[in-house]
Amino acid sequence: MEMLKLSDSIGVLKGVGPKKITAFNKLGINTIADLLTYYPFRYDDIREKKISEIADQEKVTLKGKISTLPVLTRFGRYKSRLNFKLLVDHDIVNVTFFNQPYLMKNMEIGQELAVYGKYDLARQSLTGIKILTQQATDDFVGVYRASKELNAAKIKKVIDQAYQTYQGVITDLIPETLRQKYQLLPRAVMIRDLHFPNSPAQNDLARRTAIFEEFFLFQAGLQSLKQKERTQTGRLIAYDNQVLKQFIASLPFELTGAQKRVVNEICYDLHHPIHMNRLLQGDVGSGKTIVAAIAMYAAKTAGLQSALMVPTEILAQQHAEKLVEIFADFDVNVALLTSTTAKKAKQRRTLLENLANGEIDIVVGTQALIQDPVIFHDLGLVVIDEQHRFGVQQRQILRNKGDRPDLLAMTATPIPRTLAITAYGEMDVSVINELPKGRKPIQTSLYSKKQFSQALNFMQAELKKGTQAYVISPLIAESEMLDLQNAQDVYENLKKHFAGQYQVGILHGQMPAEEKDAVMQAFKDHQLDILVSTTVIEVGVDVPNATVMLILDADRFGLAQLHQLRGRVGRGQQSSYCILVADPKSEYGKARMQTMVMTNDGFVIAQKDLELRGPGDVLGRKQSGIPDFRIGDPVKDLAILQVAQQEAQQLVKEADFYENPAYQALVKYLQENIITTQNFD
Ligand code: ADP
Ligand code: MG
């Protein structure tokens, strides 16, 4: 007999020809393994129930006798309604079927019938879904996501066939010890009870096992990938520790404890032959930039170049200026490369030459950095700011411009700790969990739209102290044009309101880069007191003299975005304020505004956001980096997620993991199903 393998194509099954293969492929099913893990997305419980036990709108099966002659009412050509009464024990239930007139043919008074449908408690009526034949034995059945070419029944039949044929070669992936510890099912039983459960209880256990397995395999894959990255020979960057210390001592402030810790973590990686792949996570204003500067300076002392890539021109320019300032007394050559530089042909040519000959030590830039002609002399360190704004591919292109350079990715996007390990599993994570000393917490308050003039008065009182303010115009997700119109309206109104008192400027995404820079510069130089803006200033902008962040229609923004916006103030010595103007209508909207008022902690906000919205929506699935799981839900099944992750991490760390026969099936699975970072985009 030939060897059966789960990696066999589904084409080996009876009744699955080329057409069906294509149809299955469309559902993401290529192999027997895919088929067996194509689990039902829900289950219909069609066991009979007593009338008194049924909840309103519950789907149930009722068994009884037809007690009135069915009446068919037609309306329109294709629409109809079939009514009859069913005697269930001693209760009469009104049953209605829509658009299935043919059911009437076989009905007669006194006939026994089992009807599956949706129950309406108040009217004691049932909207029929189907009539069950007497032979129906399955009373708890899985329902599959079907397609035009493949109905659920066919899918189920093929899965049944596959299971019958292949059940003997389904091996356990979760090691026996863990299976015992968490009382999980053997894999073959799990698969059987997910597709063909006899009872909800049996199905529950199978689901629990499958969720654990899914999280466990994912994490084991990530961990082994990470281990490989770390042990593969990267470059040892032999920086000059003495000189680096002098540089750190020269800074106008002392590093926070958290900054010192992450600097150590990064320096350790730099100076070992590890291919660093590290995420630096820290709330807005926690001081990530200086940490990056220290790392880049370290590379410079080892004779290597660094590149800092950021998502916007404004940010690139700001970082470049800051670095020039920081390195004023040190021999570091900083350059800026953006699409604006790219337009100045001569300047650009010189810049590219100096990058190629090693004259430039640090280049700060936008995506212009990854465009073709940019060649480095010797790129040793890549830093990506606001990393979630870039795709894996873009990060990789920049990385490929050097000889295995180390990578430091920075993000202020507070992913809840509980999910960070899933989203960033393949990276090492350094966290700055402390703000620089002396920061005063930003006070946030909520004003209704009616109270807008009060909000303006408050802002004015602050401006009188010589500080500055941001005003964020409402976000209209569907249309950039409307966003712009809105910003312009707000701008005109404020200009009128503050005429002769304060200078108002406007910034929006559709302005040419030069104009944006000019406005930003004017705001930095305090030629403008108030900056009206769409969300283009969301990331990274640093103007310490700004103390008021006023956000219009705040309930239209996501919590993470509001938190980012708020992080633009509270950067100096004075107290800062965030004013949310909104009339949230739903409970959910109110809860979100309340969260902003209650806390400044990005992680708490992220956790709250997650609870309110679910993980896929927190930042958009792409940005959050949280992969799609088939059966597990990182929020609902959080407890299982944590345990599975913990166990996987520990297991992969075991010295003999790859050799131990007890893990052979798992190791083989991981080798055949390599998770790459590509999965995250
Ligand atoms: P983010 O983490 O949001 O990128 P930045 O790097 O822009 O934060 O830092 C915010 C501000 O805090 C900057 O003005 C920076 O100079 C300042 N800063 C950074 N570290 C410290 C520190 N240890 N003590 C005081 N101020 C600091
Ligand atoms: Mg920053």
Side-chain angles (χ1 to χ4, degrees), residues 245 247-266 278-297 306 308-312 314-329 334 362 364 383-390 408-415 429-442 467-468 470 520 523-526 537-547 549 560-576 578 600-603 605-606:
K245 276 187 176 158
F247 169 63
I248 294 174
S250 81
L251 296 172
F253 44 72
E254 199 190 336
L255 295 184
T256 62
Q259 283 172 320
K260 284 181 191 161
R261 178 169 39 75
V262 303
V263 164
N264 280 335
E265 287 166 359
I266 293 164
R278 188 171 283 280
L279 181 79
L280 178 57
Q281 209 187 3
D283 213 340
V284 278
S286 62
K288 294 184 289 296
T289 314
I290 193 67
V291 170
I294 292 168
M296 293 191 290
Y297 187 63
S306 301
L308 169 58
M309 185 160 72
V310 303
T312 65
I314 291 177
L315 208 49
Q317 195 171 8
Q318 182 183 291
H319 274 325
E321 277 167 17
K322 192 120 192 197
L323 291 176
V324 168
E325 193 185 306
I326 291 173
F327 292 124
D329 297 332
V334 180
I362 296 175
V364 182
V383 183
I384 314 266
D385 197 12
E386 309 294 342
Q387 68 99 30
H388 60 278
R389 292 285 181 111
F390 296 98
L408 181 67
M410 307 199 284
T411 183
T413 301
I415 291 234
V429 180
S430 291
V431 181
I432 306 183
N433 52 358
E434 179 185 355
L435 292 180
K437 275 193 215 80
R439 289 275 171 81
K440 298 195 176 111
I442 303 163
T467 65
Q468 292 162 273
Y470 297 99
M520 213 48 234
F523 190 64
K524 270 186 200 167
D525 297 343
H526 202 163
I537 61 147
E538 178 194 338
V539 287
V541 172
D542 190 28
V543 180
N545 192 47
T547 62
M549 168 61 68
Q561 209 175 11
L562 287 174
H563 183 63
Q564 281 278 340
L565 286 168
R566 180 168 62 183
R568 298 307 111 217
V569 297
R571 304 187 145 239
Q573 298 307 310
Q574 308 101 311
S575 293
S576 289
C578 175
N600 274 314
D601 185 329
F603 287 105
I605 290 173

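Whatever order the structure lists them in is the order used to number ligands and atoms, beginning at 1.
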Item to complete: Search all heavy atoms of A292 against all heavy atoms of L408 and return the closest pair with its distance.
Response: CA-CD2, 4.4 Å

Worksheet, complete the sentence: Note: ligand 1 atoms sitting under 4.0 Å from heavy atoms of T256 are 23 (N)

Discussion item. Ignoring hydrogens, what is the shortest heavy-atom contact between V364 and A316? Give both atom names and the distance.
Written reply: CG1-O, 3.5 Å

Discussion item. So does A258 get a backbone contact from the side chain of E434, meaning a donor-acceptor N/O pair under 3.5 Å?
Written reply: yes

Worksheet item: Is there a heavy atom in M410 that sits closer than 4.0 Å to ligand 1?
Response: no

Fill in: Per-atom contacts of ligand 1 with S286, taking only distances under 4.0 Å to non-hydrogen atoms
2 (O), 8 (O)

Worksheet item: Counting from 1, what ligand 1 atoms have a heavy atom of E254 closer than 4.0 Å?
Response: 22 (C), 23 (N), 24 (N)

Response to the item:
If we number the atoms of ligand 1 from 1 as shown, the ones under 4.0 Å from a heavy atom of K322 are 13 (C), 14 (O), 15 (C), 16 (O)

Fill in: N or O pair under 3.5 Å between G287 and ligand 1
yes

Discussion item. So is G285 touching ligand 1 or not, going by heavy atoms under 4.0 Å?
Written reply: yes

Discussion item. As a check for students: among R439, Q281, K437, identify the option with a heavy atom nearest to atom 17 (C) of ligand 1.
Written reply: R439

Worksheet item: Can you tell me if D283 uses its side chain to pair, donor with acceptor, with the backbone of L435 under 3.5 Å?
Response: no

Worksheet entry | For R571, atoms of ligand 1 separated by under 4.0 Å from a heavy atom | 3 (O), 7 (O), 10 (C)

Worksheet item: With under 30° as parallel and over 60° as perpendicular, where do the rings of F247 and F327 fit, or are they tilted in between?
Response: parallel

Item to complete: Taking all heavy atoms of K440 and all of Q573, pick out the closest pair and write down the distance.
Response: NZ-O, 2.9 Å

Discussion item. So if I count the atoms of ligand 1 from 1 in the order they appear, which ones are less than 4.0 Å from some heavy atom of L255?
Written reply: 23 (N)

Worksheet item: Are E265 and S430 linked by a side-chain donor-acceptor pair shorter than 3.5 Å?
Response: yes

Discussion item. Looking at ligand 1, would P544 count as a contact under a 4.0 Å heavy-atom criterion?
Written reply: no

Worksheet entry | K524 and E321 ion-paired at < 4.0 Å | yes

Worksheet entry | Region of T289 that comes within reach of ligand 1 [heavy atoms, distance under 4.0 Å] | both

